[in-house]
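Numbered from 1 within each chain, the chains take letters A, B, ... in sequence-line order. Atoms considered below: every heavy atom in the structure, side chains included; atoms not considered: hydrogens, waters and symmetry mates.
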There are 4 protein chains.
Amino acid sequence: MSPERPRVGLAVVGAGYWGPNLARNAQKTPAMRLEYLCDLDVERARSVMGDYSTVRVVGSFEDVLADPAVDAVAIATPAATHYKVAMAALEAGKHVLVEKPLAPSFAEGRELVEAADRYGRVLMLDHTYCYTQAVGYLRSLIRDGELGDLQYLDSVRINLGLVQRDVDVLWDLAPHDLSIFQSILPEGVHPVAVAAHGADPIRAGRACIVYLTVRLSNGVIAHVHVNWLSPTKIRKMVIGGSARTVVWDDLEPLQRLSIYDRGVECTPAEELDTAGRAATMVSYRTGDMVAPAIQDKEALGAVMAEFADSILVGRQPLTDGRSGLQVLAMLEAASASLAGGGEFVPVREVPAPTSDAVLPRIEVPA
Amino acid sequence: MSPERPRVGLAVVGAGYWGPNLARNAQKTPAMRLEYLCDLDVERARSVMGDYSTVRVVGSFEDVLADPAVDAVAIATPAATHYKVAMAALEAGKHVLVEKPLAPSFAEGRELVEAADRYGRVLMLDHTYCYTQAVGYLRSLIRDGELGDLQYLDSVRINLGLVQRDVDVLWDLAPHDLSIFQSILPEGVHPVAVAAHGADPIRAGRACIVYLTVRLSNGVIAHVHVNWLSPTKIRKMVIGGSARTVVWDDLEPLQRLSIYDRGVECTPAEELDTAGRAATMVSYRTGDMVAPAIQDKEALGAVMAEFADSILVGRQPLTDGRSGLQVLAMLEAASASLAGGGEFVPVREVPAPTSDAVLPRIEVPA
Amino acid sequence: MSPERPRVGLAVVGAGYWGPNLARNAQKTPAMRLEYLCDLDVERARSVMGDYSTVRVVGSFEDVLADPAVDAVAIATPAATHYKVAMAALEAGKHVLVEKPLAPSFAEGRELVEAADRYGRVLMLDHTYCYTQAVGYLRSLIRDGELGDLQYLDSVRINLGLVQRDVDVLWDLAPHDLSIFQSILPEGVHPVAVAAHGADPIRAGRACIVYLTVRLSNGVIAHVHVNWLSPTKIRKMVIGGSARTVVWDDLEPLQRLSIYDRGVECTPAEELDTAGRAATMVSYRTGDMVAPAIQDKEALGAVMAEFADSILVGRQPLTDGRSGLQVLAMLEAASASLAGGGEFVPVREVPAPTSDAVLPRIEVPA
Amino acid sequence: MSPERPRVGLAVVGAGYWGPNLARNAQKTPAMRLEYLCDLDVERARSVMGDYSTVRVVGSFEDVLADPAVDAVAIATPAATHYKVAMAALEAGKHVLVEKPLAPSFAEGRELVEAADRYGRVLMLDHTYCYTQAVGYLRSLIRDGELGDLQYLDSVRINLGLVQRDVDVLWDLAPHDLSIFQSILPEGVHPVAVAAHGADPIRAGRACIVYLTVRLSNGVIAHVHVNWLSPTKIRKMVIGGSARTVVWDDLEPLQRLSIYDRGVECTPAEELDTAGRAATMVSYRTGDMVAPAIQDKEALGAVMAEFADSILVGRQPLTDGRSGLQVLAMLEAASASLAGGGEFVPVREVPAPTSDAVLPRIEVPA
């Protein structure tokens, strides 16, 4: 690493399930310098870093914030603490990468977004899937028009999952699907309303199975099935289009994407049918399937690179605070529908950035 | 075939997609004697039977009904005509096997059920899947307690399907799932309310994608995804239980059923958690999977055998008119939910048979 | 069927496992007229045809041969009887379709081929797979150069199979693979030598597992694994080429063929390597995969159509007697290798037809 | 780590493809202390360890051998150098873990085994697969009699692989299969002869496709297919037994092992058959399949633990030098068969340890 090239000093906060992955990838990121792994349980953090590491392990988050060598923090603490930890970091002038969900509520999430704007700091969501090659490919397929008109989105994310103590399966798993949707939808298309049906058959005190229907502003519906109680693991998304339909099976590393030249088309017939109705001509297309070659790289490395680059360049990251806020808006609407009778609940709007919220070019010491 | 053994004289009505299968299986059923294949399009019927058949091909349904050699009719005409054709047959004193759905509406279906009661004739639904080895196995698993307490049912039935002219995807495909549910649910458990969300992205004039949530009387939810626009074919049902969970993949002929000894259990903890809440202990079970050996026989043969036997013995068949009526009740509620805002709509009750509706032992000429 | 259009009068001989399929497909073939199903066990033949058929059932093969309405016979008797039955048919002036293998030995097979030449009759092998859409596609891929230079062929055909009484697994299953190879190999490429290793771990008195290596005249090797003792069923062929490689999985009806734009290329380097050897540059290509849309039709229908057409037109069929003889030549060499020490055994040459063996245009009564 | 508990001081030699994995796992092994990563290309070694490591990076193997803190070396250098590097380490009194193959020839391998005996040092092969949960399960199935009598072994290990510069596909991939066979075969069963057929269709100068048949001392045959040119990746082993047959699919992390209660049995019939032969009764068993729950742990961690433990306890490891030598004996016989005409070549015997070769309890400084 040449001395002139600036590197972002990072502290990872939280040494539980995900924090170690953040720490590992930070160490592989040339534009980063991992300074700390911080956890209230210092022994745990120490055991994560192992016996051969020069990275400092610390129990006090205050010490981390006070260290000027720390430019940024990556937060992998329990969901309920995200708001507090992230706000403290922003107030201390640090850039923030936070695990999903951004905050426990839309209101708190909005405060974080506003604080990041106010302090001119990067607030980025670790929507890891958005940085996979597969999602990048899906985004291109949709935005370059390869799929034709979008017809439907359907995502299944089920397995024998850890029943979380602080969130239900909706808040635990659906952020993945919702952030992916957001990342690949055509420009200008946004969620309008959400309905959710759920169940808690094991009496865990929170929904363990949830079916989610999202109405989009272009009239399309997107459906999500999340489930902690399935003995088999499924990670499959189908995105239907008028020209092509793509199936993403994330558990098939050798064939994640399958793009089908198959579909149904209806065209108005010129005459009325025998019952006097305006008839339609239905035609079927059953062409080939193409499975594009997709490189298999760890997406978290790309997350770290994006975080570092957005800090160094002074720009918004791909999955910025507002994208996290929109996911929160959908989750809150879904929770309201779940608590009610399963009816559609409108999704709150994410406020646009004010003009003075543009991130300044940030000076990072080498 | 010994001369003393009585056989049911059958006419198959409708030589379209399914009728030929009924005719083929009727010819293999020892307790049946296929008399006619009847279709308004006589040429089509003739082409179905081919050049080497002794079965009579006929265009007039009246002639069929007038022939005393015909004890029963199997109806595979378009859905919209089921009521009329079945009622005419019952009124002519024939036993009736009818394709799903029983009738275009609950009211008409009820009339058919009442007519069958009144005339002392068998009214049976061709819910073919209910006669597969797989569904028989599922029924035993559930009713013998092997799965423990039922937790959830989830069914996906999607493929690039024929966009039907007279019914939407709900009425076309969901009867399969709903009749299977009904056939395997524990005794006494019945559907209470249904919510449905759907879409018609190809502007076919009817829903091509529908998501259905059924609330059962035991509090469990069952979910169905039917879709005509999927480039890939999926026929998969997951039935979760407290003791075991079974996955039925109907497209895996060599491993249709997979029974997992995996699950999550919650037991109330003795103490409150640190937040003062009544905590739960969550435990996970990740045991073996067993794929039972399942014989692969054509279910339609079993349908025909059941139809013949219920006529000869004078008993209700496994999938009687009331089972068809209950499917209709769910479909109507789903259509109402679809037409409204996706809210839950109560499912109408199926009237119990009156005491004098017991089928008499029917004399069938040899 | 218009009266002017000639039809081939057919008798199917053998009502065991495969004969019923021949009879069923013959009845669907417009250019055929099924006259008889013949089996020593008349009851069995009768039960195959069922109660509704106008096709005659007969026990005497002599009666069949004596009937001038019979232009051709399709032979599905046990392998050991093929020679005798086929020869009798040819001598009686009938055209012959015979199940694989053509005869129990190369010498007997050659006699049949010569007899067919002499009598001017069609002798065709029911190499059913050669008439599938998949094999047709493979043939085009190879012969049109889409795969580039052929690199290797590998076929696995294993399942829990019926241990045959009269043949080992080599003669039971490998004819499928060998006839497919023959049908798709580039023009002019033929088998040179065969080595086989086998085992009979259940002491059935004949090999139940065989591995076969075929050396082709272009230097390429083809390998076949046939096995009656596998609990799982595999039907998979890989054909490697310098430009593309295709995988045919016959148990994936929705994706039988997968064509990979992946491979390895070696080019001689300009300089010697550090060890003084002529080094090579190795480059890798990891492109997309294409799964072409393949229609799913029963191949046996195409077999029947080809048999009828070759008779009516007076031409050699795609899978003529000589193709069956070449399969016999490979089987005999493999048996010799199996009986010896597994060494390579030369494959006997198939004699070319003499000039006067051209099939005359055959008159078939309508 | 308590100060009293002794730890093995380790140097990893070779920072290419596999060395980094050895180094990573050594760092996680409580009974080890990773002292060095050694590679002639020091920059490469430095880049492997990264910026945050306290492990020393060094270019001189002599320095490593001279350091008394180094008790053992793990060798991941090119195959051609194994003999030299391992011998130097043994002569310097170090314990040795070496990548497969043990040496480029049986003779050199035997020298290493003898040297380890002479110096009283552990010589262990990194036959990683032998330490997976799957192979442990297979070993128990076979040795506890669950499979009944062994009938056959069949292994397929193909993918688009790196064409190695110094070894052909046989020496590159088959050691995995051969070491697994050896690790799971019933006690006392050993390889007797090997035949190999191969091809080099890309003119790489060495076989890229090899089919291997191994005759075992109990009459059973084991077959291996290794291939660098396959566009798809397969890692599948089938082990047939008279009572059960197990399929191991290493690319199905959720269902690696499938144990089938299916098979064929032959029992001698009491009478001769109609042809006067001693007939057999063939019976089929088509029972359930069980997929046992298998933990998914990185096997290399278990390799490291075994290496450390065998050193500390002073015992032979599971995959000792002799197991590596037996793999060499099979590889050499296979190469001879490949170079010849594909005939069976006897496998050389591995000499038993002399009585004084028992490893002394080794003192390792804490």
Side-chain angles (χ1 to χ4, degrees), chain A residues 149-152 154 156 158 160-163 165-166 195 197-205 208-209 211 213 215 219-221 223 225 227-232 238 240 242 244-247 258-266 268 273 277-280 282 284-286 289 341-344, chain B residues 149-152 154 156 158 160-163 165 195 197-205 208-209 211 213 215 219-221 223 225 227-232 238 240 242 244-247 258-266 268 273 275 277-280 282 284-286 289 341-344:
Chain A
D149 291 332
L150 197 64
Q151 293 185 336
Y152 63 91
D154 181 89
V156 178
I158 69 180
L160 201 59
L162 281 180
V163 172
R165 298 216 146 253
D166 53 351
H197 303 151
D200 172 21
I202 60 167
R203 294 184 188 81
C208 296
I209 305 172
Y211 298 99
T213 306
R215 278 195 193 141
V220 165
I221 67 170
H223 189 270
H225 174 199
N227 187 328
W228 277 334
L229 306 180
S230 167
T232 52
V238 184
S242 59
R244 282 189 191 78
T245 291
V246 57
V247 177
S258 305
I259 306 169
Y260 293 88
D261 182 16
R262 291 185 199 157
V264 188
E265 238 163 302
C266 282
D273 69 10
R277 293 172 300 197
T280 50
V282 181
Y284 299 87
R285 213 174 57 251
T286 56
M289 183 270 271
E343 69 286 356
F344 278 93
Chain B
D149 293 331
L150 197 64
Q151 292 185 338
Y152 63 92
D154 180 89
V156 178
I158 68 179
L160 201 59
L162 282 181
V163 172
R165 297 217 147 254
H197 304 150
D200 172 21
I202 61 168
R203 293 184 190 81
C208 296
I209 305 171
Y211 298 97
T213 305
R215 277 193 194 144
V220 165
I221 68 171
H223 189 269
H225 174 200
N227 187 329
W228 278 333
L229 306 181
S230 167
T232 53
V238 185
S242 58
R244 282 187 191 77
T245 291
V246 57
V247 177
S258 305
I259 306 170
Y260 293 88
D261 183 16
R262 291 185 200 157
V264 188
E265 238 163 300
C266 283
D273 70 8
R277 294 172 300 198
T280 51
V282 182
Y284 299 87
R285 213 174 58 252
T286 56
M289 183 270 271
E343 69 287 356
F344 278 93

Next item on the list: Identify which part of R215(B) has an atom lying under 4.5 Å from any heavy atom of chain A, answering side chain, backbone, both or neither.
Entry: side chain
Check: Is there side-chain contact between Y211(B) and D154(A), with heavy atoms separated by less than 4.5 Å?
Finding: yes
Item checked: Option in T213(B), V238(B), D200(B), L150(B) with maximal non-hydrogen atom pairs under 4.5 Å from chain A -> T213(B)
Notebook entry, point to check: Taking atom NE2 of H223(A) and atom NE2 of H223(B), what is their separation to the nearest 0.5 Å?
Noted result: 3.5 Å
Notebook entry, point to check: So do the side chains of L229(B) and Q151(A) get within less than 4.5 Å of each other, counting heavy atoms only?
Noted result: yes
Checklist line | Top contributor to chain A contacts, counting heavy-atom pairs under 4.5 Å, from G342(B), G240(B), G263(B) | finding: G263(B)
Item checked: Output field: ring centroids H197(A)/F344(B) closer than 6.0 Å -> yes
Checklist line | Sub-4.5 Å side-chain heavy-atom contact between Y152(A) and S230(B) | finding: yes
Next item on the list: Grab the two heavy atoms, one from Y284(B) and one from G161(A), that are nearest each other, plus how far apart they are.
Entry: CE2-O, 3.4 Å
Notebook entry, point to check: Would T286(B) and L160(A) satisfy side chain to side chain contact (heavy atoms under 4.5 Å, CB included), going step by step from the backbone distance to the final call?
Noted result: CA-CA 9 Å; T286(B) 56; L160(A) 201 59; 4.0 Å; yes
Notebook entry, point to check: Highest number of heavy-atom pairs under 4.5 Å with chain B: which of D149(A), V156(A), T232(A)?
Noted result: T232(A)
Check: Looking at I158(A), D261(A), L162(A), which one has more heavy-atom pairs under 4.5 Å with chain B than the rest?
Finding: L162(A)
Margin query: Tell me the closest heavy-atom pair linking I202(A) and V264(B), and the distance in Å.
Written below: CG2-O, 3.6 Å
